[in-house]
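Report on the structure given below.
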Amino acid sequence: MVGTKIQSEPIDIKTGKDIIKDAGAELIFWGHVREIEKGESIIGLEYEYYDEMASKTLHKIAESTVKRFNLKYLSCIHRVGFIPVGESSLFVQIWSKHRVSALRAMDWFISEIKKDVPIWKWGVKIDGTKFPSNYE
Amino acid sequence: MNIKIKLFSHLRYRLRTEILVIEVTDQITIREMKLKIYKLGGSNIRNIPFRVAVNGNFVNDDYLIEGSDEIALIPPVQGG
């Protein structure tokens with residue numbers, strides 16, 4: 001089971017899933033916006049995205065993660081648009097039978113997002129100017 | 001025909017536009033399109049790596065572009 005969403009609204013933790021009775025492990029990851037980007041002080045990040053492709057690719061990666069690690073459930077919400085420092089850009093929740101597969105799946109899933117989902121970060125300075133973030 | 005190409009991130013920043021339009025007389029491949037883009041962008045974009053997506057899927061350099069294709073240049077992504 002998979003649930004993915006890209007949204008501009010703040011991520012609400014109540015969107016998480018209720019208990020799954022045959023899963024022994026639940027793992028939650030939150031990604032937050034830091035106050036420094038490329039060595040510059042920022043007020044937030046502007047997340048640019050290629051709409052249809054980003055949604056489609058995120059869902060595809062989620063499905064392949066569930067299959068690869070035999071998970072019970074994976075939910076992911078990626079926020080886009082302007083996100084102030086300290087607020088969340090990414091929420092991932094994984095349910096699996098055992099903890100090891102959940103831990104491995106989380107790392108793999110987020111790494112895959114960072115490879116293929118067409119989303120980009122722009123640092124936003126206090127004067128409103130924007131600069132594209134470094135790529136790795 | 002005109003090929004419209006969506007730009008993002010560093011490519012949009014360096015070329016100062018969201019859409020690049022290339023005029024061609026015949027069908028061309030992604031490889032040929034890249035050469036035209038490098039010619040247009042010059043040293044501004046030469047050091048920016050990117051992949052090409054057509055209609056939301058990554059394609060290789062041999063892909064022959066159709067008039068109705070939606071083309072996007074995808075520099076290294078930074079989600080998360």
Check your understanding: Same cluster for A/Met106 and A/Leu58 if Ile/Leu/Val/Met/Phe/Trp/Tyr side chains link at under 4.5 Å?
Key -> yes
Exercise for review: Can you run down the salt bridge (Lys or Arg N to Asp or Glu O under 4.0 Å) pairs that involve residues 61-77 of chain A, sequence neighbours left out, and say none if there aren't any?
Suggested key: A/Asp22-A/Lys72
Exercise for review: Could you tell me whether B/Lys4 atom NZ has more than 12 heavy atoms of other residues or ligands within 6.0 Å of it?
Suggested key: no
Check your understanding: Just how far is it from atom CZ of A/Phe131 to atom NE2 of B/His10, taken to the nearest 0.5 Å?
Key -> 10.0 Å
Exercise for review: Supply the atom-to-atom distance A/Glu48 CD to B/Arg12 CZ, rounded to the nearest 0.5 angstrom.
Suggested key: 4.0 Å
Practice item. Answer with yes or no whether the hydrophobic clustering places A/Ile6 together with A/Leu74; edges join I, L, V, M, F, W, Y residues whose side-chain heavy atoms lie under 4.5 Å apart. Key: yes
Check your understanding: Looking at A/Ile113, A/Thr57, A/Ile119, A/Val117, which has the largest count of heavy-atom pairs under 4.5 Å with chain B?
Key -> A/Ile119
Practice item. Against chain A, label B/Leu11 side chain, backbone, both or neither, depending on which of its atoms sit under 4.5 Å from a heavy atom there. Key: neither
Practice item. Can you measure from CH2 (A/Trp120) to CD1 (B/Ile74) and round to the nearest 0.5 angstrom? Key: 4.0 Å
Practice item. Looking only at non-hydrogen atoms, find the nearest pair between A/Ser89 and B/Gly80 and report the distance. Key: OG-O, 3.2 Å
Exercise for review: With rounding to the nearest 0.5 Å, note down the distance linking CG in A/Asp116 to CZ in B/Arg51.
Suggested key: 4.5 Å
Practice item. Measure A/Lys56 against the heavy atoms of chain B and call it side chain, backbone, both or neither at under 4.5 Å. Key: side chain
Practice item. Go through the atoms of A/Tyr50 and report whether side chain, backbone, both or neither lie under 4.5 Å from a heavy atom of chain B. Key: both
Review point. Quick one: what part of A/Phe29 sits under 4.5 Å from any heavy atom of chain B, side chain, backbone, both or neither?
Key: neither
Practice item. Under 4.5 Å, heavy atom to heavy atom: which of residues 53-66 of chain B reach chain A? Give them by number, or say none. Key: B/Ala53, B/Asn55, B/Gly56, B/Asn57, B/Phe58
**Study point:** Greater than 12 external heavy atoms within 6.0 Å of A/Lys5's NZ
**Key:** no
Practice item. Could you tell me whether A/His98 atom NE2 has more than 12 heavy atoms of other residues or ligands within 6.0 Å of it? Key: no
Review point. Got a second to check how far B/Phe8's CZ is from A/Met53's CE, nearest 0.5 Å?
Key: 9.0 Å
**Study point:** Heavy-atom neighbours of B/Glu23 CD exceed 12 at 6.0 Å
**Key:** no
Exercise for review: Sequence neighbours left out, what passes side-chain contact (heavy atoms from CB on, under 4.5 Å) with B/Glu32? Give chain and number order.
Suggested key: B/Ile28, B/Thr29
Check your understanding: Above 12 or not: heavy atoms from other molecules or residues under 6.0 Å from NZ of A/Lys130?
Key -> no
Review point. Just by distance, do the side chain of A/Lys114 and the backbone of B/Gly79 share a donor-acceptor pair under 3.5 Å?
Key: yes
**Study point:** Atom CD1 of B/Ile19: over 12 foreign heavy atoms under 6.0 Å
**Key:** yes
Review point. Given the rule that I, L, V, M, F, W and Y join up when any side-chain heavy atoms are under 4.5 Å apart, are A/Phe109 and A/Val66 in one cluster?
Key: yes
Please list every donor-acceptor pair under 3.5 Å in which a side-chain atom of residues 35-44 of chain B meets a protein atom from a residue at least two apart or in another chain.
none

